[in-house]
*Asks:* 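Got a structure here, written out as structure tokens. Questions coming.
Labels below follow one simple rule: chain letters A, B, ... track the order of the sequence lines, proteins then strands, and each chain is numbered from 1. Nothing here was measured: the structure is a model prediction, and the numbers come from that model.
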Amino acid sequence: MKKVLLKNIENPDSALLTEYMRVGGYKNLKSAVKEMTPRDIIDDVKESGLRGRGGAGFPTGMKWQFASMDPKFPKYLVCNADEGEPGTFKDRPILEKNPHLLIEGMVIAAYALQCSRGYIYLRGEYPQAKVILESAIDEAYKKGFLGDDILKRHFKFNLSVYQGAGAYICGEETALIESLEGRRGQPRIKPPFPVNAGLWGRPTIVNNVETFANIPLIIEIGPKSYAAIGNTACPGPKLFSVSGCVKRPGVYELPMGTTLKEIVYEHCGGLVDGRTLKGIIPGGLSTPILTPDKIDCAMDFVNLPKAGSQLGSGAVMVFDDSVCLVKVYERAMKFFEHESCGKCTPCREGTGWMRNILGRIECGRATAEDVDTLIDVANNISGATFCPLGDGAAGVVLAFVNNYRDEIDYHIKYKKCC
Amino acid sequence: MENNNVKTIRDFIEREKKSYASIESTVIPALHEAEGVYGWISPEAIEDISNYTGVSKAKIKGTATFYAMYKNKPMGRHLIQLCTNVVCMVMGSESLLSLLNERYELEPGGMTSDGRFSLVIMECIGACGTAPAMLVDADYYDNLNEKNIFEILDKYQ
Ligand SMILES: Cc1cc2nc3c(=O)[nH]c(=O)nc-3n(C[C@H](O)[C@H](O)[C@H](O)COP(=O)(O)O)c2cc1C
Ligand code: SF4
């Protein structure tokens, strides 16, 4: 498959506007603005079948339609570049190497949704991306792709970067909006959804970096050809960030629905020699771990849930038999405890309790009842939290206990790793 | 000196506020700016931001302490932000932590006695494909090992 999202990134100057235009950049913006109505674009995005790449997989065209039906103005367009899900580093190459692709996608979205103001909410941990994005935005203003009269079509869209300061929860769209309003990033109750009442109470469309980066392609090849890429139920190119115990970790652009096996053994060169596979987290730390027998599963929004996990952000974390999974989950729970925003009790307290018990198991001080307590705590968090962070933390613990009970029991019995 | 700091922050807020429908949105960018000016989120920094945004000091402090990356105390000349999340841990960040401790007597959250380095441990910094990784000030370093980490840190005096 020809690369679209990672097109031209081997070119060291790929982030420059001239280089982006040399490979056809901004051509799709021109044709969208000149040949299509906003309504046409929304219809095409709907027909393309594109689903959001930030984790939840919500159909993008539907989100756009809801926003466009709301009569309130102004409307805001927000790019979620918080990329905080551990294991995820797939938006980074777009932000650092292909920023104009993101900008082009956002300007097309702004035209379709009649937004005159947009923000890129960028995580604080990506300082270089900030410099690169701001310079790309400057270039786009100078060329008339951003500003008060884009392509002389009396269409106005202004864009800037808003830098976060290290809070995973700000990736959750309503927490992100709170943060953009200058406050602690604590999620808001839904409904109302951001498409109706988001930033400053106005209709706000929040999409992931990679979602916006897919828009120019839909304009270029049309929704039917787009829908033919990958899995028909959730088509398109997809970025997979693969890390852990493989020979060639990295970001891979492959059709949605590529199997885990192909990703791990063909693209990433398989495991280090002499090692065997112990488990794979397919979509970032908040998605349930899969045992090696699930290796044939297709990586998409439809098949991973059937195998007991989720696509999440497409962050594949591979663990071989040298890794202690109890330790992995103790560390994972430390992450969720640290990142819990504190708004609701089951998540704020429960993540700490789960971390505590896993820590006891890891260091050989746990009893068999501790595992029951762990399951009990996780069950009591599930479904009782305000946002999906707490639920996710409980879900990954339950999947770990269900799938790796032997390893846990071994720790308890022999007070060491197997 | 003091007045220059105040002016920098005031001018920054004046400039930034045009980008948002509410001046409160400038609090987070202004905290970044004030950190650059004062070296950390000092009481003066909070006071200045409060004066020019009209947001209460308590609220600004609440915001500043919510986010992990703001420096809520004075720190060394260089800040080492070492990722210890799952993939970096599996790939060896723990042994790097002990080495930093051996070489500089540096603990997470602490500072060297000469004020050269402060160390904080980070959640995922998005470099899992080239783990273990760290940020030193605003510079990224990945594929760290027990040798190259000190070659890198030698550049920061
Ligand atoms: C705890 C939590 C963290 C999230 N982090 C991110 C993130 O870092 N980036 C992102 O794009 N979406 C993240 N999301 C999903 C967003 O809430 C939202 O669904 C997404 O930005 C919508 O864009 P999309 O439809 O293009 O995927 C997160 C959700 C939750 C609950
Ligand atoms: S589930 Fe956790 S992160 Fe989400 S609102 Fe509750 S405390 Fe905050």
*Asks:* Answer with side chain, backbone, both or neither: which region of A:Tyr329 has an atom nearer than 4.5 Å to a non-hydrogen atom of chain B?
*Replies:*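 Contact with chain B involves no heavy atom of A:Tyr329 at all.
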
*Asks:* Checking an interface table here. Which of residues 280-288 of chain A come within a heavy-atom distance under 4.5 Å of chain B?
*Replies:*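 Listed by number: A:Leu285.
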
*Asks:* Do B:Glu94 and A:Lys327 have side chains that get closer than 4.5 Å, going by heavy atoms?
*Replies:*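 Answer yes - side chains close enough.
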
*Asks:* Please state whether the side chain, the backbone, both or neither of A:Gln163 comes within less than 4.5 Å of a heavy atom of chain B.
*Replies:*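 For A:Gln163, backbone and side chain are both near chain B.
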
*Asks:* Can you say whether A:Arg92 sits under 4.5 Å from chain B via the side chain, the backbone, both, or neither, judging by heavy atoms?
*Replies:*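 It is the side chain, since no backbone atom gets that close.
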
*Asks:* Evaluate the side chain to side chain contact (heavy atoms under 4.5 Å, CB included) criterion for residues B:Cys124 and A:Tyr168: first the C-alpha distance (whole Å), next the side-chain angles of each, then the deciding distance (0.1 Å), finally the verdict.
*Replies:* CA-CA 9 Å; B:Cys124 187; A:Tyr168 166 64; over 6 Å; no

*Asks:* Give me the atom names and distance for the closest heavy-atom approach of B:Ile125 to A:Arg123.
*Replies:*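 Closest pair (atom of B:Ile125, atom of A:Arg123, distance): C-NH1, 3.4 Å.
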
*Asks:* By number, which residues in residues 134-147 of chain B have some heavy atom less than 4.5 Å away from chain A?
*Replies:*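 Within residues 134-147 of chain B, near chain A: B:Leu135, B:Ala138, B:Tyr140.
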
*Asks:* Under 4.5 Å from any heavy atom of chain B, what part of A:Arg117 do you find: side chain, backbone, both or neither?
*Replies:*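 Just the side chain, heavy atoms under 4.5 Å.
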
*Asks:* Name the region of A:Ile169, side chain, backbone, both or neither, that has any atom closer than 4.5 Å to a heavy atom of chain B.
*Replies:*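 For A:Ile169, the side chain is the part near chain B, not the backbone.
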
*Asks:* Would you mind checking which part of A:Ser322 comes under 4.5 Å of any heavy atom in chain B, side chain (CB onward), backbone (N, CA, C, O), both or neither?
*Replies:*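 Neither part.
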
*Asks:* Within residues 76-92 of chain B, which positions have a heavy-atom distance to chain A below 4.5 Å?
*Replies:*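 So far as heavy atoms go, B:Thr84, B:Asn85, B:Val86, B:Val87, B:Met89, B:Val90, B:Met91 are the residues that approach chain A to under 4.5 Å.
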
*Asks:* Taking side chain as everything from C-beta outward and backbone as N, CA, C, O, which of these in A:Glu330 sits under 4.5 Å from a heavy atom of chain B? Side chain, backbone, both or neither.
*Replies:*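 No part of A:Glu330 comes within 4.5 Å of chain B.
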
*Asks:* With a strict 4.5 Å heavy-atom criterion, list every residue of residues 96-110 of chain B that contacts chain A, or say none.
*Replies:*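 Interface residues of residues 96-110 of chain B: none, nothing closer than 4.5 Å to chain A.
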
*Asks:* Is the closest side-chain donor-acceptor distance between A:Tyr162 and B:Ser25 under 3.5 Å?
*Replies:*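 No donor-acceptor contact under 3.5 Å links the two side chains.
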
*Asks:* Taking atom CD of A:Glu178 and atom OG1 of B:Thr63, what is their separation to the nearest 0.5 Å?
*Replies:*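 It is 10.0 Å, given to the nearest 0.5 Å.
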
*Asks:* So for A:Val328, is it side chain, backbone, both, or neither that comes closer than 4.5 Å to the heavy atoms of chain B?
*Replies:*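 Its backbone and side chain both get close to chain B.
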
*Asks:* Which bit of A:Cys341 comes within less than 4.5 Å of chain B, counting heavy atoms only: side chain, backbone, both or neither?
*Replies:*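 Both backbone and side chain.
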
*Asks:* Could you check whether A:Arg331 pairs with B:Glu123 (Lys NZ or Arg NE/NH1/NH2 to Asp/Glu carboxylate O, under 4.0 Å)?
*Replies:*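 B:Glu123 and A:Arg331: salt-bridged.
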
